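Taking it in order: structure first as structure tokens, then the write-up.
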Amino acid sequence: MSRVWNFSAGPAALPEVVLQRAAQEMLDWRGKGLSVMEMSHRSPEYTEIFEKTRSDFKTLMQVPDTHEVLFMQGGAVGMNAIVPMNLLQGFEQAAFVNTGAWSKKTTKEFGKYALARVLADNSAPHGELAASTYVPDCTNLVERVNGQGMAYLHYCDNETIGGVEFNGQIEALSTQLDCPVVADMSSNILSKTLDVSRYGVIYGGAQKNIGPAGVTLVIVRKDLLNRALPICPSAFEFATVAEHGSMYNTPPTYSIYIAGLVFEWLLAQGGVQWAQAQAEQKAGLLYQTIDASGFYKCPVPKPDRSKMNVPFTLADESLNSEFLKRAAQAGLVQLKGHKSVGGMRASIYNAMPLAGVKALVEFMQAFEKDVA
Ligand code: PMP
């Protein structure tokens, strides 16, 4: 068997030990004679798997008792409708920070429900910086939000396509806001420590740092469970899902089981603190390599660079396909940048070992030497 270094933005690489364990348990989960896929979600065996998964997630994220953890479906894009339907009762508008493709999509969808007020964005170039490549100034956000009757303030903590990541700016001002903060953390959840108590809602699709696609993790402050619009479908209503322990309808049982194995693995490594230290080391190595070369370039300014998704361009764009071809020959795959931005993107989530990033860096240096 030979496995490649997989830099996919998502669905992304999973820890190899998790895949091995899942393979071992595929036909016969712990002597029960059946696969997890074949278990009733209400069986004692699955209840055990589910409870442990939820409890390990709470431990990893240090979720306080004020917040509920929900396992939902519909992905992060589904959340663009699910969040407004759950939080808009009594409100006519919400505030948005737009930093790239994903937050813009959220804002657009919100327009179906109420008035979206974009109070900070990076859609125009800023000095030398191109649009969508930087974190906009958020210092006056509190003044612009407060007193306006905002249902919440939404932002995307890590823009997966542009590689733009917040560094605690919104979390820091959250206590001064008169509305809850809603954060899309699809592509950086479990990669850095944060103070969950400062958020109204945190959500993320699973297919980057959590497990296979199909399950969406939601952390919601309990006092926000009574703000759903009457049209909100029961299957997507936070209060209903919470009341039924995420089993109001059949959850994506197998995706949750794999997420549970990922959480066990992450806890054994040292939890989110370990993930954060790893991310700093891996991203640091990659950005250093890019910055030290005259051939590769990253459009994102240093303080705003994502530690999960590293976008970069080649000095000569006509070499893009040659770069990708040779990279694949060297066992480094899924490095093509998103079609909307071009160039390359290396996604280095928790499951990507330092060795994979070292292999990429060595390849990049050799490629540059060869062609430049
Ligand atoms: N938000 C972000 C930050 C993402 O990276 C993605 C997926 N790449 C989404 C939202 C959409 O997630 P999904 O496809 O699971 O709905």
Side-chain angles (χ1 to χ4, degrees), residues 9-10 72-126 130-138 141 144-145 148-166 169-170 177 179-189 199-208 213 216-218 220 224 227-229 231-233 235-238 300 304 306 309 311 337-342 345:
M72 297 183 70
Q73 297 184 67
V77 168
M79 293 302 289
N80 291 344
I82 292 169
V83 170
M85 284 194 289
N86 274 284
L87 296 185
L88 269 178
Q89 197 190 114
F91 294 89
E92 280 162 13
Q93 57 178 353
F96 293 84
V97 178
N98 281 358
T99 47
W102 292 113
S103 45
K104 278 187 199 153
K105 201 167 191 159
T106 303
T107 307
K108 185 165 178 230
E109 181 79 2
F110 185 85
K112 290 185 180 176
Y113 298 91
L115 179 66
R117 301 271 308 277
V118 179
L119 299 186
D121 79 306
N122 63 5
S123 58
H126 182 71
S132 304
T133 63
Y134 60 95
V135 170
D137 182 14
C138 293
L141 215 46
R144 302 192 63 199
V145 167
Q148 301 292 310
M150 298 295 183
Y152 54 86
L153 168 75
H154 180 280
Y155 82 107
C156 176
D157 204 60
N158 183 59
E159 285 282 358
T160 320
I161 294 174
V164 174
E165 186 170 17
F166 282 81
Q169 291 96 325
I170 305 284
L177 291 170
C179 68
V181 170
V182 176
D184 176 357
M185 295 202 185
S186 293
S187 48
N188 65 349
I189 196 162
Y199 297 83
V201 179
I202 294 172
Y203 63 84
Q207 63 271 22
K208 292 117 173 23
T216 318
L217 269 282
V218 180
V220 53
L224 296 173
R227 279 174 44 175
L229 298 176
I231 57 156
C232 184
F236 296 131
E237 193 174 65
F238 292 159
V300 183
D304 304 340
S306 168
N309 312 98
H338 192 270
K339 58 184 184 301
S340 62
V341 292
R345 172 177 50 171

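Not measured: the values here are computed from a predicted model. The chain is numbered in sequence order, starting from 1. Note that these values count all heavy atoms, side chains included, but never hydrogens, waters or copies made by symmetry.
The nearest pair of heavy atoms linking Gln89 to Leu229 is N-CD2, 3.7 Å. Here the shortest heavy-atom pairing between Leu119 and Arg144 reads O-NH1, 2.7 Å. Scanning all heavy atoms of the two residues, the minimum distance from Tyr113 to Ile231 falls at CE2-CD1, 4.3 Å. Residue Gly162 comes nearest to Val300 through the heavy atom pair O-CG2, 3.4 Å, listed as atom of the first residue, atom of the second, then distance. For the residue pair His154 and Cys156, the shortest heavy atom distance occurs at CE1-N, 4.3 Å. Residues Leu87 and Ala151 come closest through the heavy atom pair O-CB, 3.8 Å.
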(request) Go through the steps to decide whether Thr216 and Gln73 satisfy the test side-chain hydrogen bond (donor to acceptor under 3.5 Å, both in side chains), and finish with yes or no. (result) CA-CA 5 Å; Thr216 318; Gln73 297 184 67; over 6 Å; no
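Relative ring orientation between Tyr199 and Tyr155 is described as parallel, the plane-to-plane angle staying below 30° on a 0-90° scale split at 30° and 60°.
In this structure, the side chains of Tyr203 and Val182 come closer than 4.5 Å at one or more pairs of heavy atoms. The shortest side-chain heavy-atom distance between Ile170 and Leu141 falls under the 4.5 Å cut-off. Proximity of Trp102 to Ile161: side-chain heavy atoms (C-beta onward) are separated by under 4.5 Å at one or more points.
Between the side chain of Asn98 and the backbone N or O of Asp121, no donor-acceptor pair lies under 3.5 Å. Within the 3.5 Å criterion, the main-chain N or O of Thr99 finds no donor-acceptor partner in the side chain of Lys104. The backbone N or O of Phe238 sits less than 3.5 Å from a side-chain atom of Asn86, completing a donor-acceptor pair. Within the 3.5 Å criterion, the main-chain N or O of Gly337 finds no donor-acceptor partner in the side chain of Arg345. In this structure, Ser186 contributes its side chain and Gly204 its backbone to no donor-acceptor pair below 3.5 Å. In this structure, Asp304 contributes its side chain and Val135 its backbone to a donor-acceptor pair below 3.5 Å. Proximity of a side-chain donor or acceptor of Glu159 to a complementary backbone N or O of Gly100 within less than 3.5 Å is detected.
In this structure, SG on Cys232 lies 5.0 Å from CD on Glu237, to the nearest 0.5 angstrom. Rounding to the nearest 0.5 Å gives a distance of 14.0 Å between CZ of Phe96 and NZ of Lys108. Note that CG of Asn80 and CD of Glu109 are 6.0 Å apart. Values are rounded to the nearest 0.5 Å. If you take CE on Met185 and CD on Glu165, they are separated by 9.5 Å, rounding to the nearest 0.5 Å.
For the side chain to side chain donor-acceptor pair (under 3.5 Å) criterion with Asn158, the lone passing option out of Asn309, Asn188, Asp184 is Asn309. Tested against Tyr152 for a side chain to side chain contact (heavy atoms under 4.5 Å, CB included), the candidates Val181, Val145, Val83 yield a single pass: Val83.
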